[in-house]
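One structure is given below, encoded as structure tokens.
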Amino acid sequence: MSGEPTRNSRRLADYRKPGFLIPQIELTFELAADATRVTALMQVKRQQPTVPLVLDGQQLELQYIAINNIELRADQYQLTSEQLIISDAPAEFSLQITTTINPAANTALEGLYLADNVFCTQCEAEGFRRIMFFPDRPDILSVYTTHIIADQQQYPYLLANGNNISTEKLANGKSRVSWHDPFAKPCYLFALVAGNFDCLSDSFTTASGRKVSLQLFVEPGQQSKGQFAIAALKRAMRWDESRYNLEYDLDVYMVVAVDFFNMGAMENKGLNVFNSKYVLADDSIATDKDYFNIESIIGHEYFHNWTGNRVTCRDWFQLSLKEGLTVFRDQEFSADMGSATLNRIDAVKLIRTAQFAEDSGPMAHPIRPEQVLEMNNFYTVTVYDKGAEVIRMLQTILGQSGFNRGLACYLQRHDGQAVTCDDFISAMEDANEVNLQQFRLWYSQAGTPTVAIHQRYDSDNATLHLSISQRHTATVGQPDKQALLIPLQVQLLSSDRKVNQQHLIMLSQLTEQFTFADIASEPVVVWENFSAPVKLQQDYKLPQLLLIAKHASNGFARWDAMQVFWSDLIRQKAEQPTLSLTLPDDLIKLMRQWLQQPLSDKALTAELLSLPDFDTLAEQYQHIPVEAILCGLQSIKQQLADVLAAEWQQCYQATTSGPYHYNENEVGARALRNRCLNYLALVPQGSQLVQQHYSDSDNMTDTLAALTSAQQAKLASFGELATDFSHKWQNNVQVTDKYFSLMACDPTDEVFTHLTALSQHSLFSWKNPNRVRALFGAFSMRNPQQFHRADGKGYSCLAQVVARMDPINPQVAARLITPLLAWQRFNDQRRDHMLAELKQLAATSNLSNDLYEKISKSLP
Ligand code: TRP
Ligand code: ZN
């Protein structure tokens, strides 16, 4: 890596307005597996004098190029491996270009690819340049007409964005289908799909009375597995109308499920493409989590129609403009469809694990990055999920109606435009007549702030004094930071419950004093809802934490108090290994109460009874004490299982569920019952119970709960149950992925045997990202025992997978490498192993930009 020239990244500061616009484009695709012909006819208009017309293009074969119908001579343009440049283009002209591409050879799944006999495009972020020569940037908005020609038998459905305008049968067994999308869009929203599908049709009548035809395309024979997704789509459409007054705008909304896909789904205008994992479901194969994900991703892509498509991004540094906002919208939708508390807890878990880790590592970047080599590397938890937290803070500060006003102003003002995060904030300011200048720093400052609250209660004057400070640590390229505007939503609650009030504290200085008068007795300050993406420090001991866990109004806060208790306990043990881990009686008493009388929100009860996971705990240390965390967790878990054995048993029995239904109540009941089972697997009577649970189960949630409980408790029966499971589902890819993940989480040495064997399984393929992630993603992210082995065997296993994947699919390779980038956080032995793997990868020839960017940032 050191021997080669450094590769060039782009900077936000270098943004220039486009030299040319392309208001209209007409495309013709003649589909063929290894030589698809793409003809583009573009209307081009000069915007800036003298600049050359620069078109992006990669892995294309140029066949023909003409301006105003006159073919260009070779000396009239310049062709490199990445660009086509026309130096003196006229002011206004038509440009015709024909290229050929090879979809069958495209395993990167970016551009136009053929997999499983389906032609499919993925253009975001910069895949359009692998289809044709074009200025591949989101601020070029064009009206598209698309013609698709293909064999009718093999590819009965030929789909593109917008409305279908004609279908013709051609002489040679081919057909030609034409589409027109009246909304000008950036090329990253272009889509084409051709293949044989089952089609589920439905319709939706918008609030203003327009009838929209809904079509969901799935692999032939899978029709019944699309029902839930289409129902979820209708719920999302209704929700966006009632919450934000936003209606759908075309006559048809199509969703296609494909098995080969790099991400979750893609919001192409009028033609969403989904990873089949987030569409196909029925009660026998889907877990509660699968149903949740499907509804939330269906919502997410639908919500993009306004936040992303009608108003899009000026450049890719603004990605959070559409993604942070749309994640926020899908979170609000999910909260309304199910348990709002649970949704919040899950979102916070993700921020505290993956996002905090990213923010403290070599890839740290603000939600609006300033420098990018490979854009695909910036579809991150920071841009998406911290981005959503930033939007949520705006809602907290402005109130829901103020926020909605701001959003309406933004959409109205910028409809049909490609804009910036700054434009979004300006709309919020103008609609609410506030100044958000300081708030804008959230877009430019990376890193996780630490907020500390010190309280002093003056009983003589019945006054509470809070001294609140924010601390910022340096991140790559950002040594100095300024104070942020941090909204802290709190409840003041005293143990006699005489003090019970809610406040929104706006912290704007590095250190600031806040005084509350008429406070009759000393309260705890309960942080509600994780109102800002920060680490909060309060030094509460057990009595205060118990008060919060028992009596806080906010479900998140109750759960958080328990998390703080367990984290502190494990920290003490890590710092003082001789300490014996004893569980306080008051705590056991409280847990016993929850088991005897679960709260009405059973899912919250299950969370209150759960220990933090390895990643959450790891994030709280500069140097991660792997063994201490793993041993601490195991010891506490065993003690809880033993001490409360009768209560786990009793709650397990009392929390019955009838035949499977996916709804809030039953999801909660299953979560609680399976939590009990998970503890019970650790006591003598548990083994029998786990087997019974497995054989009684009529759904995937309970089946997997039995399997993972047996696996974690290392029960002798695990092998038999797992074999039964794999045989039962051997012909089903979705469930086989679950089996792969299950086996990859084996906490024993055996896991390496499983990984080797399963990578030769008949359904496994290195070309299918779902398979690779199911097996090796699960191993590296959900099996800390074996992945973080001190001998480095886990790291070398992952590094080999990354090396093997990079030439096939760099996007997937670059996502998988993430845990190795954090070598600084581990002790010498692990650090050396990780570094050795990274250095070896760095020395690979033809390393993709995706991996190059991450590895070069991580290496010392
Ligand atoms: N815009 C998509 C979403 O968030 C993300 C996405 C889908 C994507 N496919 C991709 C991003 C490929 C990068 C590369 O809904
Ligand atoms: Zn998105």
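Indexing begins at 1, ligand by ligand and atom by atom, following the structure's order.
- Within the 2.8 Å limit, Glu301 places no N, O or S atom next to the Zn ion (ligand 2).
- Of the heavy atoms in Met263, only side-chain atoms (C-beta onward) come closer than 4.0 Å to ligand 1.
- Applying the 4.0 Å criterion to heavy atoms of Tyr384 picks out, from ligand 1, the atoms 1 (N), 2 (C), 3 (C), 4 (O), 5 (C).
- Annotation for ligand 1: atoms under 4.0 Å from non-hydrogen atoms of Asn376 are 13 (C), 14 (C).
- The side-chain tip of Arg7 points at the ring of Tyr852 from less than 6.0 angstrom away and within 45° of straight on.
- Counting atoms of ligand 1 from 1 in the listed order, those under 4.0 Å from a heavy atom of Ala265 are 2 (C), 3 (C), 5 (C), 6 (C), 7 (C), 15 (O).
- Summary: OE1 is the N/O/S atom of Glu323 found nearest to the Zn ion (ligand 2).
- Under 3.5 Å, the side chains of His304 and Thr326 contain a donor-acceptor pair of N or O atoms.
- Using a 4.0 Å cut-off to heavy atoms of Glu267, the atoms of ligand 1 that qualify are 1 (N), 2 (C), 3 (C), 15 (O).
- A donor-acceptor pair shorter than 3.5 Å can be found between the side chains of Gln395 and Glu332.
- Side-chain atoms of Ser848 and Asp806 include a donor-acceptor pair closer than 3.5 Å.
- Under the salt bridge (charged side-chain N to carboxylate O under 4.0 Å, His left out) rule, Arg10 has a single partner from Glu853, Glu370, Glu126, which is Glu126.
- Contact annotation: for Thr326 versus ligand 1, there are no heavy atoms closer than 4.0 Å.
- Heavy-atom contacts of His300 reach the following atoms of ligand 1: 3 (C), 4 (O), 15 (O) (cutoff under 4.0 Å).
- For Tyr188 and Phe128, the distance between ring centers is not under 6.0 angstrom.
- The option from Gln122, Gln811, Glu301 that lies nearest to atom 9 (N) of ligand 1, judged by heavy atoms, is Gln122.
- Aromatic ring pairs are classed by plane angle as parallel below 30°, tilted from 30° to 60° and perpendicular above 60°; the pair Tyr302 and Tyr248 is tilted.
- Of all the heavy atoms of Glu110, none lies under 4.0 Å from any atom of ligand 1, so neither backbone nor side chain is involved.
- A cation-pi contact, defined as under 6.0 Å to the ring centre and within 45° of the axis, is absent between Lys767 and Phe260.
- The closest approach between a heavy atom of Met375 and any atom of ligand 1 is not below 4.0 Å.
- Neither side chain, Asn245 nor Glu241, offers a donor N or O lying under 3.5 Å from an acceptor on the other.
- Protein heavy atom at the shortest distance from atom 14 (C) of ligand 1 is Glu124 O, 3.3 Å.
- In terms of polar-atom proximity, Asn262 is not counted as a contact of ligand 1, lacking any N or O under 3.5 Å from an N or O of the ligand.
- Only the side chain of Lys322 comes within contact range of ligand 1, with a heavy atom under 4.0 Å; no backbone atom does.
- Between Arg440 and Ser426, the side chains place a donor N or O and an acceptor N or O closer than 3.5 Å (distance only, hydrogens not considered).
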